[in-house]
Colleague: 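Here it is, the structure, as structure tokens.
Counting starts at 1 for both ligands and their atoms, in listed order.
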Amino acid sequence: MTSRNLSVPNHHAHYPHFIGFGGLLAAASMVLGRQSDARLAAQRSGLHPGDTVVDIGCGPGAAARHAARLGARVTGVDPARVMLRVARLLTRSRSVRYLAGSAEQLPLPDGATSVVWTIASVHHWSEVDAGLSEARRVLAPGGRFVAIEKQTQPGARGHASHGWTDEQAEAFAERCRAHGFTDVAVGQHSTGRRQTVSVTAATL
Ligand SMILES: C[S@@+](CC[C@H](N)C(=O)[O-])C[C@H]1O[C@@H](n2cnc3c(N)ncnc32)[C@H](O)[C@@H]1O
């Protein structure tokens with residue numbers, strides 16, 4: 001990352017896609033140790049039984065399964081076939097389904113859900129504005145939106161840079177406001193062994 005793109009919230013948009021054996025290893029690495037982020041997403045969205053959740057960039061589905069255990073119906077969306085395969089293998093709940101798609105083109109009708117969340121995914125979106133426009137489109141009035149990323153430090157490199165600096169979280173929050181989300185807030189959290197940053201927002 002260079003100092004020029006420090007405030008870009010999708011700074012790894014051109015990261016190689018999760019495919020093949022490398023993708024499978026990545027999926028395996030995301031199966032365990034994701035509970036703290038899932039709990040944070042549920043808490044930040046005020047999730048309650050009867051909610052419907054769209055988990056954008058669901059990966060192998062840890063947060064989707066967590067939402068189902070809390071009584072929600074969940075649609076996990078991910079562009080990576082290997083992620084969807086692992087997610088389906090690991091999911092027994094009939095309240096969860098997985099669909100191929102991307103943040104920029106959600107395979108869902110308008111107003112389909114009460115909650116949209118996305119964990120460790122926005123920094124990979126190819127088009128942040130298209131993703132936010134889609135998140136707004138599929139949220140019903142009164143919907144809640146949560147984006148969570150690992151908190152990273154300016155100048156971090158390699159895997160340590162996969163997340164958001166505080167500045168990138170603020171830049172994303174600004175884009176949420178520009179898309180008409182209300183009650184936009186940035187938060188910092190200690191989840192498990194790592195620091196995370198969240199952006200929460202709502203639709204009228
Ligand atoms: C680091 S993984 C996080 C997976 C999961 N949310 C978790 O926390 O375990 C990032 C995920 O975002 C997905 N992704 C990448 N680009 C995306 C896009 N444009 N729209 C939606 N998801 C995307 C990847 O396929 C991958 O599953």
Side-chain angles (χ1 to χ4, degrees), residues 8-45 47 53-68 72 74-91 96 98-108 113 115-138 145-152 156 158-164 168 172 175 189 191-199:
V8 179
N10 60 334
H11 47 96
H12 281 79
H14 304 298
Y15 189 71
H17 289 296
F18 295 98
I19 50 172
F21 187 63
L24 187 60
L25 286 181
S29 76
M30 293 171 209
V31 169
L32 299 175
R34 312 301 282 189
Q35 285 311 303
S36 49
D37 283 352
R39 278 196 297 270
L40 181 65
Q43 184 238 318
R44 298 297 288 165
S45 63
L47 191 75
V53 177
V54 174
D55 181 350
I56 302 178
C58 61
R65 289 186 290 279
H66 183 70
V74 190
T75 302
V77 176
D78 204 287
R81 279 197 300 184
V82 65
M83 293 291 176
L84 295 173
R85 231 177 258 157
V86 174
R88 287 183 181 121
L89 260 175
L90 295 177
T91 303
V96 185
Y98 295 101
L99 300 177
S102 69
E104 296 80 6
Q105 215 166 358
L106 291 174
L108 294 160
T113 190
V115 173
V116 170
W117 72 41
T118 181
I119 303 171
S121 175
V122 177
H123 69 272
H124 287 306
W125 293 2
S126 55
E127 298 283 346
V128 169
D129 285 312
L132 282 173
S133 169
E134 280 292 86
R136 267 216 75 184
R137 181 182 67 75
V138 302
F145 175 71
V146 181
I148 293 172
E149 292 280 345
K150 179 176 72 177
Q151 189 176 36
T152 60
H159 197 67
S161 67
H162 284 227
W164 281 341
Q168 285 161 340
F172 185 75
R175 296 314 307 152
H189 319 273
T191 55
R193 282 177 299 139
R194 62 184 193 158
Q195 295 292 117
T196 52
V197 57
S198 71
V199 174

Colleague: Side chain or backbone, does I119 bring an N or O within less than 3.5 Å of an N or O on ligand 1?
Modeller: yes

Colleague: Once you round to the nearest 0.5 Å, how far does NE2 of H123 lie from OG1 of T152?
Modeller: 9.0 Å

Colleague: Examine the proximity of ligand 1 to H124 and report which part, side chain or backbone, both or neither, has a heavy atom under 4.0 Å away.
Modeller: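 Both backbone and side chain.
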
Colleague: Can you tell if the side chain of F145 reaches within under 4.5 Å of the side chain of T118, non-hydrogen atoms only?
Modeller: yes

Colleague: Counting from 1, what ligand 1 atoms have a heavy atom of M83 closer than 4.0 Å?
Modeller: 27 (O)

Colleague: Please state which protein non-hydrogen atom is closest to atom 11 (C) of ligand 1 and give its distance, to 0.1 Å?
Modeller: G57 O, 3.8 Å

Colleague: Please state which protein non-hydrogen atom is closest to atom 20 (N) of ligand 1 and give its distance, to 0.1 Å?
Modeller: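 For atom 20 (N) of ligand 1, the nearest protein heavy atom comes out as A103 N, 2.9 Å.
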
Colleague: Looking only at distance, does S102 have an N or O less than 3.5 Å from an N or O of ligand 1?
Modeller: no

Colleague: Is ligand 1 less than 4.0 angstrom away from at least one heavy atom of D78?
Modeller: yes

Colleague: How close does the nearest protein non-hydrogen atom get to atom 10 (C) of ligand 1, and which residue and atom is it?
Modeller: A120 O, 3.3 Å

Colleague: Is there a heavy atom in P79 that sits closer than 4.0 Å to ligand 1?
Modeller: yes

Colleague: With heavy atoms of F18 as the reference, note each atom of ligand 1 found under 4.0 Å away.
Modeller: 24 (C), 25 (O), 26 (C)

Colleague: Are side-chain heavy atoms of R194 and S36 found at a separation under 4.5 Å?
Modeller: no

Colleague: Below a 4.0 angstrom heavy-atom separation, can you tell me which part of W125, side chain or backbone, both or neither, approaches ligand 1?
Modeller: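 Answer for W125: both.
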
Colleague: Counting N and O atoms only, with roles assigned by atom type, does the side chain of R34 sit under 3.5 Å from a partner on the main chain of I119, one being a donor and the other an acceptor?
Modeller: no

Colleague: Note the single closest protein heavy atom to atom 9 (O) of ligand 1, along with its residue, its atom name and the distance in Å.
Modeller: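 Nearest neighbour among protein heavy atoms for atom 9 (O) of ligand 1, to 0.1 Å: R34 NE, 3.0 Å.
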
Colleague: At what distance, to the nearest 0.5 angstrom, does NZ of K150 lie from OG1 of T196?
Modeller: 11.5 Å

Colleague: Any side-chain heavy-atom pair from F18 and M30 closer than 4.5 angstrom?
Modeller: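 The answer is yes; the side chains approach within 4.5 Å.
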
Colleague: Please state which protein non-hydrogen atom is closest to atom 12 (O) of ligand 1 and give its distance, to 0.1 Å?
Modeller: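 Result: S121 OG, 3.3 Å.
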
Colleague: When you compare the side chain of H11 with that of W164, does any pair of heavy atoms fall below 4.5 Å?
Modeller: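 Result yes, sub-4.5 Å side-chain heavy-atom pair found.
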
Colleague: If we only count heavy atoms from C-beta on, is the F172 to L132 side-chain gap below 4.5 Å?
Modeller: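 F172 reaches L132 side chain to side chain.
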
Colleague: Considering distance alone, does some N or O of D55 sit under 3.5 Å from an N or O of ligand 1?
Modeller: no

Colleague: Check each atom of ligand 1 against the heavy atoms of A80 and keep those under 4.0 Å away; list them by number with element.
Modeller: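 Near A80, meaning under 4.0 Å from one of its heavy atoms, ligand 1 has 25 (O).
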
Colleague: Should you measure from each heavy atom of C58, which atoms of ligand 1 turn up under 4.0 Å away?
Modeller: 5 (C), 6 (N)

Colleague: Can you check whether R44 reaches H189 side chain to side chain, under 4.5 Å on heavy atoms?
Modeller: yes

Colleague: Note the single closest protein heavy atom to atom 19 (N) of ligand 1, along with its residue, its atom name and the distance in Å.
Modeller: E104 OE1, 3.0 Å

Colleague: Can you check whether T113 reaches T75 side chain to side chain, under 4.5 Å on heavy atoms?
Modeller: no

Colleague: Under 4.0 Å, heavy atoms only, figure out whether ligand 1 is touched by the backbone of H162, its side chain, both or neither.
Modeller: neither

Colleague: Decide yes or no for E127 and E134: does some side-chain heavy atom of the first lie under 4.5 Å from some side-chain heavy atom of the second?
Modeller: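 No; the side chains remain at least 4.5 Å from each other.
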
Colleague: For D78, which of D55, I56, L99, L84 qualifies under side chain to side chain contact (heavy atoms under 4.5 Å, CB included)?
Modeller: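 Of all the options given, the one that passes is L84.
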
Colleague: For A27, which part has a heavy atom under 4.0 Å from ligand 1: side chain, backbone, both, or neither?
Modeller: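 For A27, there is no contact with ligand 1 at all, from either part.
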
